[in-house]
There are 2 protein chains.
Amino acid sequence: MEVKSTQARRSAGRNGQRHVVDADLIAVVIAVTDGEPRVLTIGEAQALPSGPFELGHRSLQSGLRAWVERQTGHPLGYIEQLYTFADRDRTADERVQISISYLGLAREEQSDRSAHGWRSWYDYFPWEDHRAGVPAILPDTVVPGLLAWAEEAEDPNIRRDRGLRVEFAFGLDDRGWNEELALQRYELLYEAALVAEATRSWDKGNPLSIAGRSMIADHRRILATGIARLRTKIKYRPVVFELMPPAFTLLQLQRTVEALAGRLVHKQNFRRLIEQQDLVEETGETVSETRGPPAKRFRFRQTVQAERTVAGTKLPLSRA
Amino acid sequence: MEVKSTQARRSAGRNGQRHVVDADLIAVVIAVTDGEPRVLTIGEAQALPSGPFELGHRSLQSGLRAWVERQTGHPLGYIEQLYTFADRDRTADERVQISISYLGLAREEQSDRSAHGWRSWYDYFPWEDHRAGVPAILPDTVVPGLLAWAEEAEDPNIRRDRGLRVEFAFGLDDRGWNEELALQRYELLYEAALVAEATRSWDKGNPLSIAGRSMIADHRRILATGIARLRTKIKYRPVVFELMPPAFTLLQLQRTVEALAGRLVHKQNFRRLIEQQDLVEETGETVSETRGPPAKRFRFRQTVQAERTVAGTKLPLSRA
DNA sequence: CTTCATTATGCTCGTATTGAGTATAATAGA
DNA sequence: TCTATTATACTCAATACGAGCATAATGAAG
C-alpha cells in the first residue's frame with residue numbers, strides 16, 4: 001500500500017502544479033412571517049444570496065455571514081452547513097467550482113416584508129404546502145406528469161423503479177405524505193424534466209416553469225435541501241425558536257411549525273408536546289389579538305443546552 | 001440592495017484576481033470485523049485517507065472513491081458527505097485549504113484484517129466503548145480532568161456552563177449516557193486540552209495522548225464526526241446492512257450494531273424491532289457456529305427503497 | 001454420556017408515548 | 001345578545017418500548 005502522510009502530500013502539492021478551485025458560499029436564509037415560510041432571494045427572486053469565499057474571511061461561517069449581511073443588510077442568527085458540491089464550470093477553462101451551502105434562520109423584520117426579496121418558499125414548491133389540504137397542482141399536474149414519465153421508460157425494471165420512487169416520495173402508498181421528502185420530490189421532478197431547470201427553457205425567459213417558480217443554476221435544489229433539512233430538524237432540535245420573536249403565544253408557535261412542515265398539527269397534542277419538553281416558560285403576560293380567551297405569552301427557556309431533545313432512541317438498549 | 005446575479009459575479013471573478021483555494025477530500029471509512037468497529041487509516045495509523053480533488057474527477061464522490069481505492073486497494077460501498085471546513089494554511093502563503101470529508105461504509109475483507117491500517121475506532125476514543133460497562137478511563141481520567149477544567153475558570157458563568165456541558169455530554173445528569181454525543185465529547189476534551197492535538201505535544205513524538213490515540217491535524221475530530229453521524233443514522237436508516245456480509249444471523253447483526261453504538265442492546269427486543277420493520281428475510285439456511293441451537297440466516301431485503309424507515313414523527317400531525 | 005453454559009426464540013406485562021377526540025370557558029365581532 | 005373562535009383541561013384507545021420469564025437446542029467440559 002502506497003502511503004504518503006497528509007503532511008508530505010500537501011507540501012508536494014503546494015509546490016507542484018496543484019489544481020486549484022473556486023469556492024463559493026451559498027445561503028438558504030429562512031424566516032417565517034404572516035404564517036408563511038420565506039426565503040431570502042436576490043436578483044429577480046431567482047437566486048440565493050451567494051458570493052466567493054475570500055481570503056479576508058476567518059472561516060466559512062463568517063464569510064457567509066459577511067456576504068449575506070452585505071448583500072441584504074440582514075443579520076443571521078442560527079447557521080448550519082447544508083452540503084458541498086462541485087461543478088465543472090461549463091463555460092470556462094476547465095476550472096472547478098466548489099459551492100458550500102448553508103442554512104440560516106432569521107427573525108424577519110417587519111420593515112422589509114416583501115420588498116427585500118423575501119419570497120414564500122411555496123412559490124418555488126407549490127406542491128409542498130398541504131396546510132389547506134392536498135394542493136391542486138399535485139393531482140392535476142405533478143403526479144400525472146411523473147407517472148407518465150415512469151411509464152415512458154422502456155426497460156420494465158426502470159419503469160417499476162420509477163413508479164415505486166414516485167409513490168414513495170409523494171405518499172401514494174400506504175405510508176402517506178411525508179413532508180421531509182421535499183428534496184427527493186424535487187429530484188424526481190428534475191429527473192422527469194418537469195421543472196424548468198432541467199429543460200434549459202428557463203434562459204429563454206420563462207421564469208415560471210411547469211411546476212413552480214424556478215431559480216438559476218441549482219439554487220432551487222439547494223433550497224429544497226434546506227427545506228428538507230429544516231423540516232427534519234424541527235422534530236428533534238428546538239430550532240423553531242430561532243424564527244420566533246422573544247415572546248409568543250403557543251398558537252403563533254404552532255403556526256410557525258405548520259408553515260415549515262407544510263401540514264397542520266393537532267393543537268392539543270402540540271401543546272402537550274411543547275410543555276412536556278420544558279422548552280418554554282410563561283412570561284406572565286396575556287394577549288388577546290384574536291377572538292377567544294386571552295392567550296398566555298411564552299418565551300424560550302434558555303437552559304444552556306439548546307442541545308436538549310437530542311433524545312433519539314430507536315435502539316432497544318439494555319442496562320446490563 | 002446591491003445585487004449581481006451569480007452568473008455575472010462568476011464571470012467577473014474568473015477574469016479578475018479570484019481567490020483560489022486548495023480542495024482536499026478526506027474519508028472516514030468504516031467496517032466492522034470481529035465485533036470491532038474499524039476505521040481505515042494510513043501512515044502510522046495517525047491519518048485518514050485523503051487527497052486533493054483533481055480535475056480528472058467527475059464529481060466529489062468519484063474523486064473520493066478514486067483516492068481511497070488507489071491508496072488502500074479497497075472499494076467503497078455507501079458514501080455520504082460529512083462536513084466541509086476551511087483552514088488557512090499555517091505554513092504557507094496565506095493559501096486557504098478546504099477539506100471536504102466523507103463517511104464511507106465497507107465490508108472489510110478477511111484478508112486485510114489488521115495489516116492494512118484498519119484500526120478499532122476505540123483506539124482513538126477509548127471512552128466511547130460502553131459494551132463491557134463504563135470504561136475505566138472515564139472515572140479515572142477523563143471526567144476528573146474535565147471537571148477540573150470546568151472548575152479552573154474564573155468567571156462563575158463559564159464555570160457553570162462548562163460544568164453543565166460536561167454533565168450533559170458524559171451523561172452525568174439524569175439523562176444518562178448518550179452514544180450519539182461522540183463529537184461533543186471530543187470537542188470538550190479538545191477545549192480542555194486533554195487530547196494531544198490540543199496541546200501541541202504530539203509532534204514531539206508522543207502518539208499516545210492523555211486520552212486515546214491521536215491523529216494528525218484535525219483528523220480525529222473528523223473521525224468523531226463520522227462516528228456520531230453513523231451512531232445517529234443507524235437508528236433511522238438501514239445503513240448497518242452496508243457493513244454486513246450477504247447473509248448473516250440476527251446475533252451477528254446485533255453485534256455489529258452494538259459495536260457501532262458502543263452499547264449492548266436487549267436481544268429479544270432487538271429481534272422484534274428488526275422483524276417488525278420487515279428489513280430482512282430468511283435465506284432458509286441455518287448455521288451453528290457457536291453453542292446453542294442453530295441460528296437462521298437472513299439477508300437484507302432489497303426492497304428498492306433503502307429509503308425506508310424514513311419515518312420520523314415527533315410532530316402531532318392531524319388528518320384534517 | 002452427563003452436565004452445563006450458551007444461544008435461539010416465543011411470550012407476557014407494565015409503562016410511556018401518540019393519535020384523536022370531547023368538554024368547558026373566555027372572548028371579540030356581528 | 002348571540003356566535004364563531006380560541007385557550008385549555010381531560011379522556012381514551014392504540015401502540016411502542018423496556019424488561020424480563022420460559023423453553024428448547026446445542027457444543028464444550030468433565
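Letters A, B, ... mirror the listed sequences (proteins, then strands); counts begin at 1. Just the heavy atoms: all of them, side chains too, but no hydrogens, waters or symmetry mates, feed the values below.
Salt bridge annotation for B:Arg299-B:Glu281: present, with a cationic side-chain nitrogen under 4.0 angstrom from a carboxylate oxygen. Remark: A:Arg162 does not engage A:Glu167 in a salt bridge, criterion side-chain N to carboxylate O under 4.0 Å. Under the 4.0 Å criterion applied to side-chain N and carboxylate O atoms, B:Glu285 and B:Lys296 are not assigned as salt-bridge partners.
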Close N or O pairs between protein and nucleotides 13-16 of chain C (under 3.5 Å):
none

Provide a list of protein-nucleic acid N or O atom pairs under 3.5 angstrom, restricted to nucleotides 6-8 of chain D.
residue	atom	partner	partner atom	Å
D:dA7	OP2	A:Lys267	NZ	2.8
D:dT8	OP2	A:Arg271	NH2	2.5

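Here D:dC10 presents its P atom at 12 Å from CD of A:Glu275, a figure rounded to the nearest Å. Atom-to-atom, CG of B:Asn269 to P of D:dC21 comes out at 13 Å; the value is rounded to the nearest Å. Regarding B:Phe270, its CZ atom lies at a distance of 16 Å from the P atom of C:dT7, rounded to whole Å. We find that CG of B:Leu273 is positioned 9 Å from P of D:dG18, with the value rounded to whole Å. For the pair A:Gln276 CD and D:dA9 C1', the interatomic distance rounds to 15 Å; values are reported in whole Å. In this structure, B:Ile274 atom CD1 and C:dT9 atom C1' are separated by 15 Å, rounded to whole Å. Put simply, NE2 on A:His266 is 16 Å from P on D:dC10, counting in whole angstrom units. Residue B:Gln277 contributes atom CD, which lies 17 Å from atom P of D:dT15 at whole-angstrom precision.
For the pair B:Arg131 and B:Trp177, the cation-pi test (distance below 6.0 Å, angle within 45°) is failed.
Checking A:Gln184 against A:Tyr186 by side-chain atom types alone, no donor-acceptor pair falls below 3.5 Å. For the residue pair A:Arg297 and A:Thr286, no side-chain donor N or O sits within less than 3.5 Å of a side-chain acceptor on the partner.
In this structure, A:Phe270 and A:Leu250 approach most closely via the heavy-atom pair CE2-O, 3.9 Å.
Put simply, the side chain of B:Tyr122 gets close to the backbone of B:Ala259: a donor and an acceptor are under 3.5 Å apart.
Considering A:Glu258, A:Glu128, A:Glu179 as possible partners of A:Arg263, the one that fulfils the side-chain hydrogen bond (donor to acceptor under 3.5 Å, both in side chains) test is A:Glu179.
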